[in-house]
There are 2 protein chains.
Amino acid sequence: MDGGGVPRRIRADAERSTARILEAAEAVLADDPAASLERIADAAGLARVTVHRRFSSRTALLDALAAQLNERYLQALGEARVDTAPPLVALQRLTEIVFELKLTHRFAVGLFAALTPEVLDRLDQLFVRLREAGAITAADPAWGRRVYLALLHEVHELPADSPTLAPSAPRTRSRRRSTCSCAPCSARWAAPATRSGRSPASVPNR
Amino acid sequence: MDGGGVPRRIRADAERSTARILEAAEAVLADDPAASLERIADAAGLARVTVHRRFSSRTALLDALAAQLNERYLQALGEARVDTAPPLVALQRLTEIVFELKLTHRFAVGLFAALTPEVLDRLDQLFVRLREAGAITAADPAWGRRVYLALLHEVHELPADSPTLAPSAPRTRSRRRSTCSCAPCSARWAAPATRSGRSPASVPNR
DNA sequence: CCATAGTGATACTCAGATGTATCAGTTATA
DNA sequence: TATAACTGATACATCTGAGTATCACTATGG
């Protein structure tokens, strides 16, 4: 399936465009998952047509975002040496990195089934080791992983002025789109295709 | 602002329609938050025009869903006697009800800022009482509330065959839209207005 | 039973988004 | 420098959904 077609070398400057698009997409979509490709292109400082050239479809772009997140996760798992370091040490290292990931990949992080089985498995393995070490008691490692990620998520959703946390890291809490914190406003959940408001939120009040 | 307009009595008939629409909307939107009003109307067994007659706009419909959720929450808080019962007892009662709410109001539950300050305050008060009773140590009741809801949410997101839970309640886990569990498929996140796939998810893998 | 509220069917308008095509100009790189 | 890749601008075609209006029909409830 590689076909012996023409190599069609990719210019360095095109790769930069791709990177800028991905970056802009993450930023814009984190703020409004229903944002149009045009807004993403604007944020990237490129024309909409260029986005279409780099990504055959909107879906392809979103897939790329998910793939990027998984790469970062694998990188984080490697850096934290989750397979070899003492589990509690690994957990702390991982936490710092994942926390950062949740800030920088707010959109991708909210994608359904964003994480590949490989990433999930490696996370689960850490919880297996935590259990073996007696650090946790939960029988099911997947459950441990879910709770872990859920709690991290809640922390990262906390308002900046929360008395509970006094984070050292810079917290650029843009609180989604500022115009849409109110119930009626935010309720304009992903209005499929109209002039009416848009903007949703992945993990809200509940 | 009530204007002395014509009373325009509302027929019982119409109220039933409204209820059916809300019910259908919750079901359809839980499966696909970007679903069109047409699909909702279909699910309700009504014409799309009727939906527009009952709710002036899509936004109005979503607002109604949020309002309904808040009503249910207030009702739950009342039934659990969170203000008077021993806090741990209240917590358990509340948990059962909220757990049910998360199943029956999967969409509204995912709306950003769905819960009114009133509901949040009353929930927080319970955590204040829990702390006073020594049941928990968290300083910030809002944080307790968030963790509580987040964990409940994770439980309700667990796959039906999880070894961790052996729930007594019937668990109709439709796993969102069955066609869209895979990454590429689910990545078709709220494509604003095209023939390409749709369907997102409010609280996914992370 | 009858005035009236409610409904479905149909046909619109309007806006926004995706995706394609073309072409002229610009930039990287061998 | 010259080829090929990349880009922006522009113009389209197409689709989908929201929202409105009209009219004939049905069901409610006093």
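Numbered from 1 within each chain, the chains take letters A, B, ... in sequence-line order. Basis for what follows: all heavy atoms, side chains included, without hydrogens, waters or symmetry-related copies.
Contact check, B:R11 against C:dG6: no side-chain N or O comes under 4.0 Å of OP1 or OP2. Contact check, B:T50 against C:dG6: no side-chain N or O comes under 4.0 Å of OP1 or OP2. Not one side-chain nitrogen or oxygen of B:S36 sits closer than 4.0 Å to the OP1 or OP2 atom of D:dT16. For B:R54 and C:dT7, the shortest distance from a side-chain N or O to OP1 or OP2 is below 4.0 Å. Phosphate proximity of C:dT7 to B:R48: absent, as no side-chain N or O sits under 4.0 Å from OP1 or OP2.
Counted by atom type alone, A:Q75 and A:E79 present one or more donor-acceptor pairs between their side chains at under 3.5 Å. Between the side chains of A:Y73 and A:T116, no donor-acceptor pair of N or O atoms lies under 3.5 Å.
Across the protein-nucleic acid pair, B:E15 atom CD and D:dT28 atom P stand 14 Å apart, rounded to whole Å. The interatomic distance linking A:R16 (CZ) with C:dT27 (P) rounds to 12 Å, in whole Å. Atom CD1 of B:I21 is separated from atom C1' of C:dT7 by 11 Å (rounded to the nearest Å). Spacing between atom CG of B:D13 and atom C1' of D:dC25 amounts to 14 Å, rounded to whole angstrom units. Straight-line distance from the CZ atom of A:R20 to the P atom of D:dC6: 15 Å, rounded to whole Å. The nearest whole Å value for the distance from the CG atom in B:D32 to the P atom in D:dG17 is 10 Å.
Taking CZ of B:R54 as the reference point, atom CZ of B:R20 lies at 12.5 Å (rounded to 0.5 Å). Atom-to-atom distance recorded for B:L37:CG and B:L46:CG is 12.5 Å, nearest 0.5 angstrom.
A donor N or O paired with an acceptor N or O is not found under 3.5 Å between the base of C:dG19 and the side-chain atoms of A:R53. Counting atom types as modelled, B:R9 pairs no side-chain N or O with a base atom of C:dG6 as donor and acceptor under 3.5 Å.
Of the residues near DNA chain D, A:G45 and B:H52, the one whose nearest nucleotide (by heavy atom distance) lies more toward the 5' end is A:G45. Mapping A:A14 and B:F55 onto DNA chain D by nearest heavy atom places A:A14 closer to the 5' end of the strand.
Comparing D:dT22, D:dA18, D:dG8 against the side chain of B:L37 picks out D:dA18 as the nearest. Looking at the side chain of B:A12, the nearest of the listed nucleotides C:dT27, C:dG8, D:dG29 is D:dG29. With distances taken from any side-chain atom of A:L46 to the nucleotides C:dT7, C:dG8, D:dT7, the minimum falls on D:dT7. Closest contact between the side chain of A:R58 and the listed nucleotides C:dA9, C:dG19, C:dA28 involves C:dG19. Residue B:V49 places its side chain closer to C:dT10 than to any other of D:dG29, C:dT10, D:dC6.
Contact annotation: the side chain of B:R122 approaches that of B:L74 to within less than 4.5 Å [non-hydrogen atoms, C-beta and beyond].
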